[in-house]
Amino acid sequence: MLLQRPVHSIRPLTTAHLAQTMSLLELPALELRQKIEAELSRNPALELVEECRCPTCHRILYGNQPCPFCIQSSYSNPEEPIIYLSSRGDFFEPTAKKTTLPDLPEENLTPSSEDLPHYVMRQIAPELLPEDRTIAAHLLTNLDDDGLLAVPISEIAYYHHLPAARVEHVLRQIQHADPLGVGSPSPQEALLIQLEFLSESRQVPPKCDQAILSGLDLLSHHRYPELAKLLKISVSQAKEISRFISQNLNPYPAHAHWGDNHQTPKGSENSVNAYHFADVIITCLHELEDSPLVVEIAMPIHGTLRVNPLFREALHQAPPEKAELWHSDLEQANLFVKCLQQRNHTFVRLMQKLAILQRNFILHGESQLQPITRAALAEELGVHESTMSRAVAGKTIQLPSRRIIPLAMFFDRSLHIRTALKQIVNEEKLPLNDAQIVSRLSELGFPVARRTVAKYRAMEGILPAHLRSSNHVQA
DNA sequence: CTATGGCACGGATT
DNA sequence: AATCCGTGCCATAG
């Protein structure tokens, strides 16, 4: 509440304004950045002023908003999220590619994988030695569409005149960043890293690592008997391994869009959905359970965009032949800044509602998701539902757990049921068939049809009952 | 005969 | 107006 500036004074005056606000609203951060840069270089009336920092806590803020952290040092209500706009443009800087590695071939950068490098770099940069960042950048520039490393390590080591071990060290950090296994030279290695990570928190089938190492081919062709023979295990154990892998691991890190685990084994479908950086970052103040959420809405630029006051002044002395042009530039600059404010305003309000409503989801995961429709939220916010759709579309959000998910997941109608289903299957003693799952679910208060359970199962990559036979026979 | 997946339809959502 | 999603019916595999 406190941090909302009186933006209501901005009325959509012209259709141009409306149209532009709309178009800005649907832009995710990275594209917004391009848009802003384009506008900035085209229009002399716009300028980017120094980043604003809160004088006390030094957070980078966008615009002259009061720093939400320092305004109220006592947070009366932990439910109330702290929301602010930041302008940490550096996250989105393609410097790694452009400035530090000027003579790298750019061809192997395909559009669909272009922002994965930035996303990863963002995570690991703070922990990296400055001189290692160049190596990281080099590695990340050479990811293929699948998120795997496309060039041999030795080549990179050679390029930098460094021992391979050094490069491997950096690569290891990359591999442990969020799309787990990203940058691995092979699917095998990616799988192994994911496996290693999972085994810390969860039980994994025995010989799983060996299956990946030596039997991946058999595995992907579902030739269980042969696999079983190779590893000297039973066929059902082989199936168990297969189930585990297809359910929990992903050989192609770039395909792992979080929350939607459709496995695409060989067919390299490059869907539009590649979420690699976040438009909104949610963290927990002080890691405490009941501390307020901190919602950072990322403006993808350094500093604050505004109309250049000098330009405004200069308008009076404009040479007659330029006057008209300057005037229209000024107009447009004004419009653009206002539209941007409006976009941010809408976004802030949206996140405020969401952060309160989905607090449990944000903190405690998928089972706590409140099913809500965009329409309902639009109603509450008093905006048109199409506005909501635009605001949500294509945006991503980073949770305190560092997971990045599409904002649309906040409006998933079936996620909580699917997680309930997952849990039922995980805890089942012997495989339940779909009909039995239906009754278990309805006991839990989820009335769904049998056919629907089948679909959810498929979505979660859970095999049908007869294929997940004798579930936990190992050990 | 039973459990599942495919196709398609209608209503809700965007 | 276009798309998504839950569901029913039917074919098929085991």
Side-chain angles (χ1 to χ4, degrees), chain A residues 18-19 21-28 222-225 235-236 238-239 242-243 246-247 257 259-265 267 269 271-273 275 279 343 346-347 349-351 353-354 357-358 366 369-397 405-422 424-425 428-442 444-471:
Chain A
L18 254 179
T21 307
M22 295 296 200
S23 68
L24 288 185
L25 194 59
E26 51 190 334
L27 258 33
H222 305 280
R223 285 146 66 179
Y224 303 121
V235 176
S236 70
K239 284 181 182 170
S242 165
R243 188 189 69 89
S246 68
Q247 205 177 325
H257 25 134
D260 192 359
N261 335 311
H262 288 273
Q263 303 286 329
T264 31
E269 54 101 23
S271 62
V272 214
N273 315 324
Y275 312 105
D279 298 85
R343 173 195 194 269
T346 312
F347 225 76
R349 293 204 308 149
L350 168 62
M351 286 317 303
K353 283 282 181 201
L354 276 183
L357 184 69
Q358 302 288 22
E366 307 181 341
L369 184 82
Q370 293 285 325
I372 180 149
T373 66
R374 295 162 170 75
L377 205 60
E379 171 94 18
E380 270 198 63
L381 284 173
V383 297
H384 196 280
E385 37 186 79
S386 77
T387 310
M388 273 290 302
S389 289
R390 287 163 187 279
V392 170
K395 305 293 181 357
T396 58
I397 177 165
I405 60 169
L407 190 53
M409 194 185 280
F410 279 62
F411 300 90
D412 194 311
R413 270 175 290 169
S414 59
L415 191 62
H416 61 300
I417 305 188
R418 294 208 304 271
T419 50
L421 184 147
K422 259 196 270 184
I424 290 173
V425 174
E428 78 192 355
K429 203 69 176 172
L430 57 163
L432 300 168
N433 66 34
D434 288 358
Q436 291 166 308
I437 295 179
V438 168
S439 57
R440 284 290 294 121
L441 279 174
S442 57
L444 294 170
F446 305 122
V448 283
R450 187 233 101 215
R451 191 64 192 76
T452 310
V453 170
K455 292 245 157 142
Y456 288 172
R457 246 192 332 95
M459 283 189 202
E460 298 298 336
I462 302 175
L463 290 170
H466 59 275
L467 286 181
R468 54 192 148 94
S469 50
S470 48
N471 220 343

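So you know, we letter chains A, B, ... as the sequences are listed, proteins then strands, and number each from 1.
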When the distance from [atom1] of [X] to [atom2] of [N] is rounded to whole Å, what number comes out?
X        : N      : atom1 : atom2 : result
A/Met409 : C/dC5  : CE    : P     : 13 Å
A/Leu415 : C/dG6  : CG    : P     : 11 Å
A/Ile417 : C/dT7  : CD1   : C1'   : 13 Å
A/Arg457 : B/dG6  : CZ    : P     : 11 Å
A/Leu377 : B/dT13 : CG    : P     : 14 Å
A/Arg374 : C/dT3  : CZ    : P     : 15 Å
A/Lys395 : B/dT14 : NZ    : P     : 15 Å
A/Glu379 : B/dT14 : CD    : C1'   : 15 Å

### Message
Measuring to OP1 and OP2 of C/dC5, would you say a side-chain N or O of A/Tyr456 lies under 4.0 angstrom away?
### Response
no
### Message
Looking at C/dT7, I'd like to know if its phosphate oxygens (OP1 or OP2) sit under 4.0 Å from a side-chain N or O belonging to A/Thr452.
### Response
yes
#### Entry: Atom pair CD1/CD1 of A/Ile424 and A/Ile437 - distance to nearest 0.5 Å
6.5 Å
### Query
In terms of the nearest nucleotide of DNA chain B, which residue is placed more toward the 5' end: A/Lys455 or A/Asp434?
A/Asp434
### Query
Would A/Val383 and A/Arg349 count as a side-chain contact (heavy atoms from CB on, under 4.5 Å) if you check the C-alpha gap in whole Å, the side-chain angles of each, and the deciding distance to 0.1 Å?
CA-CA 11 Å; A/Val383 297; A/Arg349 293 204 308 149; 3.5 Å; yes
### Minimum heavy-atom distance between A/Lys395 and A/Leu25, given as atom pair plus value
NZ-O, 2.7 Å
### Query
Less than 4.0 Å between a side-chain N and a carboxylate O, is that true for A/Arg440 and A/Glu428?
no
### Query
For the side chain of A/Arg451 and the base of B/dG6, is some donor closer than 3.5 Å to an acceptor across the two?
yes
### Task
Indicate, with a heavy-atom threshold strictly under 4.0 Å, whether A/Arg450 touches base, sugar-phosphate, or nothing.
base
### Message
Any base atoms under 4.0 Å from A/Ser414, or only sugar-phosphate, or nothing? Heavy atoms, all strands.
### Response
sugar-phosphate
### Message
Can you tell me which nucleotide in B/dT14, C/dT7, B/dG5 comes closest to the side chain of A/Glu385?
### Response
B/dT14
### Query
Which listed nucleotide (C/dC5, B/dT4, C/dG6) is nearest to the side chain of A/His466?
B/dT4
#### Entry: Candidate pair A/Arg390 and A/Thr387, rule side-chain contact (heavy atoms from CB on, under 4.5 Å), full reasoning
CA-CA 5 Å; A/Arg390 287 163 187 279; A/Thr387 310; 5.5 Å; no
